[in-house]
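Note sheet for the following structure.
Quantities reported herein were computed from a predicted structural model and do not represent experimental measurements.
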Amino acid sequence: MNYRNIFRVMVLILGILLANLLTIWIDQLMLSYKWKYAPHVSTWIGMGIVVIIYYPLFTRIDKWAGKIGDRFLKAGKKFIGREIGTFFAFLAALLILFYLYGREWFNSNVIRSLIQSF
């Protein structure tokens, strides 16, 4: 497995996590309005929004992964070197998502909690 394929997997992981986080936020928004519409209307709207988020992700993820991968490789190469820079960019994006998920699920700064646990 070459480095480009490994990086595509990293981009795929970040894409899936980001799409899921967006869906969670939209779900919460939709649920806050659920009593303003009939349940069948809210359900159809919510399902439509999920399709709008995930359809492009699943149909274009390989293409996006290639483009994003090339950009990350170029940016990483400028700062630290290709492999190390890309790895640190992936870790930074993963930590941002980790923080956002922790805020969403536990309303807490999970990075601070992680650091304090050591």
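In this structure, the separation between CG on Leu21 and CG on Leu14 is 12.0 Å, given to the nearest 0.5 Å. The CD1 atom of Ile13 sits 13.5 Å away from the CG atom of Leu18 when rounded to the nearest 0.5 Å. The CD1 atom of Ile45 sits 13.0 Å away from atom CD1 of Ile26, with the distance rounded to the nearest 0.5 Å.
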Side-chain donor-acceptor distances from residues 106-118 under 3.5 Å, at least two apart:
residue	atom	partner	partner atom	Å
Asn109	OD1	Ile111	N	3.1
Asn109	OD1	Arg112	N	3.1
Ser117	OG	Leu114	O	2.6

For residues 87-96, which side-chain N or O atoms pair as donor and acceptor with protein atoms under 3.5 Å away, sequence neighbours left out?
none

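Hydrophobic clustering (ILVMFWY, side-chain heavy atoms < 4.5 Å, transitive): Trp44 and Ile49 are in distinct clusters. Leu17 is connected to Trp105 through a chain of hydrophobic side-chain contacts under 4.5 Å among Ile, Leu, Val, Met, Phe, Trp and Tyr, so both are in one cluster. Hydrophobic cluster membership differs between Trp25 and Met47, with clusters built from Ile, Leu, Val, Met, Phe, Trp and Tyr side chains linked at under 4.5 angstrom.
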